[in-house]
Amino acid sequence: MQTPSVISALTIAGSDSGGGAGIQADLKTFAAHGVHGLSALAALTAQHTRGVTAVHVPPVDFLEAQIDACFDDFRIEAVKLGMLASAAVIEAVARSLERHRPRHVVVDPVMVATSGARLLEEDALHALRTRLLPLATVITPNLPEAELLLGRKIEDLQAMAQAADALRELGAAAVLLKGGHLPGGGDVVDILVDADGEQRTAHPRLQGEAHGTGCTLASAVAANLARGLALREACRHATDYVHEALRAGSRPGRGDVLVLDHFATLPGR
């Protein structure tokens with residue numbers, strides 16, 4: 001049987017019918033990085049730039065069948081995890097990862113909506129902590145998600161650095177803590193903590209409410225890891241990519257949120 005020569009990355013996440021976030025954003029990001037994108041839908045949403053109107057979670061055995069089909073046929077170098085709506089879904093994904101043992105797993109712990117509403121019940125939060133974090137190459141929480149995981153407020157850069165260390169102690173090999181929610185008008189600082197210490201990246205803060213930045217960052221990290229970049233380089237390039245995609249973003253719908261231009265960094269754009 002022929003061994004695939006094309007590098008693939010798999011996203012296991014929710015679908016965004018509006019095309020700005022979720023699996024749709026992940027696949028655009030993979031394509032922009034020259035990586036073949038695979039997907040396993042853990043949730044389907046009816047949504048647009050003004051909100052979510054409905055959510056459907058498919059049976060977990062069908063989710064596992066999607067994941068198994070991808071691993072059966074493709075050379076998967078990295079897996080990105082996004083919206084996993086329940087403890088049962090998280091458990092199914094964890095079983096699949098333990099069965100297939102991908103080289104890299106990037107976990108975007110989608111737990112808090114842009115509105116601030118909590119998206120995970122306590123049993124799902126516990127499953128995320130105990131089943132997924134120990135399997136992660138890197139997790140990419142924003143500040144509200146980190147606060148929920150740790151049970152404490154994060155109000156400045158020093159607290160961010162301490163929180164990243166504390167999150168790594170929960171079991172992930174590395175933590176890329178995103179600073180976009182930190183109060184103030186200065187640069188957006190993201191902090192990566194791994195076995196070698198700390199790496200910070202900073203970008204000028206851009207105005208406007210955006211949609212899909214977290215999904216895009218995590219999938220950019222996964223794509224870079226799939227292409228063979230070291231973790232620190234993968235994260236640095238991913239934050240640069242998101243900044244440029246956001247800077248070039250547009251408002252394709254009637255809502256006020258900005259949708260990223262995932263191909264802004266390609267030559268000729």
Side-chain angles (χ1 to χ4, degrees), residues 9 11 13-33 37 45 47-52 80-84 106-117 119 138-148 154 160 164 175-192 200-225 234-253 255-266 269:
T11 170
S15 170
D16 171 10
S17 56
I23 276 180
Q24 284 79 354
D26 297 339
L27 293 176
K28 292 175 189 178
T29 303
F30 292 162
H33 286 78
T45 68
Q47 67 173 296
H48 43 51
T49 58
R50 290 170 288 155
V52 179
K80 179 260 181 178
L81 306 183
M83 178 184 176
L84 305 177
V106 179
V107 178
D108 181 20
V110 181
M111 299 182 293
V112 181
T114 302
S115 64
L119 300 177
V138 61
I139 64 171
T140 63
N142 60 30
L143 293 186
E145 290 158 350
E147 289 174 343
L148 191 56
I154 303 169
M160 269 188 69
V175 177
L176 176 58
L177 183 54
K178 301 173 291 190
H181 288 82
L182 204 64
D187 287 353
V188 174
V189 178
D190 303 308
I191 299 178
L192 172 68
R200 298 189 182 194
T201 55
H203 296 86
R205 187 177 296 273
L206 300 174
Q207 298 304 310
E209 181 183 345
H211 184 51
T213 54
C215 307
T216 300
L217 177 66
S219 53
V221 173
N224 286 328
L225 291 172
C235 291
R236 180 171 54 82
H237 282 295
T239 58
D240 290 344
Y241 170 78
V242 171
H243 178 78
E244 290 303 314
L246 179 56
R247 186 184 57 79
S250 63
R251 293 179 174 83
D256 291 331
V257 297
L258 201 65
V259 173
L260 278 63
D261 181 348
H262 292 84
F263 302 99
T265 60
L266 293 187
R269 292 297 298 274

Residues that His203 engages under ring pair (Phe, Tyr, Trp, His ring centres under 6.0 Å), provided they are two or more places apart = His243
Could you list the residues that satisfy ring pair (Phe, Tyr, Trp, His ring centres under 6.0 Å) with Tyr241, not counting sequence neighbours?
-> His33
Where is the tightest heavy-atom contact between [X] and [Y], given as atom of each residue plus distance?
X      : Y      : result
Ala9   : Phe30  : O-CE1, 3.6 Å
Gly212 : Thr216 : O-OG1, 2.8 Å
Ser17  : Thr45  : OG-O, 3.3 Å
His262 : Ala32  : O-CB, 3.2 Å
Ile154 : Ala146 : CD1-CB, 3.7 Å
Asp26  : Ala13  : OD2-CB, 4.0 Å

Check whether any side-chain heavy atom of [X] sits under 4.5 Å from a side-chain heavy atom of [Y], and report yes or no.
X      : Y      : result
Glu209 : Asp256 : no
Val189 : Leu182 : no
Pro141 : Val175 : yes
Asp108 : Lys178 : yes
Thr239 : Leu217 : yes
His211 : Gln47  : yes

Distance from [X] atom [atom1] to [Y] atom [atom2], nearest 0.5 Å?
X      : Y      : atom1 : atom2 : value
Cys235 : Ile191 : SG    : CD1   : 13.0 Å
Leu225 : Lys80  : CG    : NZ    : 13.5 Å
Leu192 : Thr201 : CG    : OG1   : 8.5 Å
Leu177 : Asn142 : CG    : CG    : 8.5 Å

Who pairs with Ser15 by side-chain hydrogen bond (donor to acceptor under 3.5 Å, both in side chains), at least two apart in sequence or on another chain?
->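 Ser15: side-chain hydrogen bond (donor to acceptor under 3.5 Å, both in side chains) contacts with Gln24.
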Set of residues satisfying side-chain hydrogen bond (donor to acceptor under 3.5 Å, both in side chains) with respect to Thr213, sequence neighbours excluded | none
Salt bridge (Lys or Arg N to Asp or Glu O under 4.0 Å) with Arg251: which residues, sequence neighbours excluded?
-> none
Partners of Arg247 by salt bridge (Lys or Arg N to Asp or Glu O under 4.0 Å), sequence neighbours excluded?
-> Glu244
Candidate pair Met83 and Cys215, rule side chain to side chain contact (heavy atoms under 4.5 Å, CB included), full reasoning | CA-CA 9 Å; Met83 178 184 176; Cys215 307; over 6 Å; no
Mark yes or no for whether Arg205, through its side chain, and Gly180, through its backbone, hold a donor-acceptor pair below 3.5 Å.
-> yes
For the pair Asp190 (side chain) and Gly179 (backbone), establish whether a donor and an acceptor sit closer than 3.5 Å, ignoring hydrogens and angles.
-> yes
Count the heavy atoms of every other residue, nucleotide or ligand shown that sit under 6.0 Å from CG of Asp240, and state whether that count exceeds 12.
-> yes
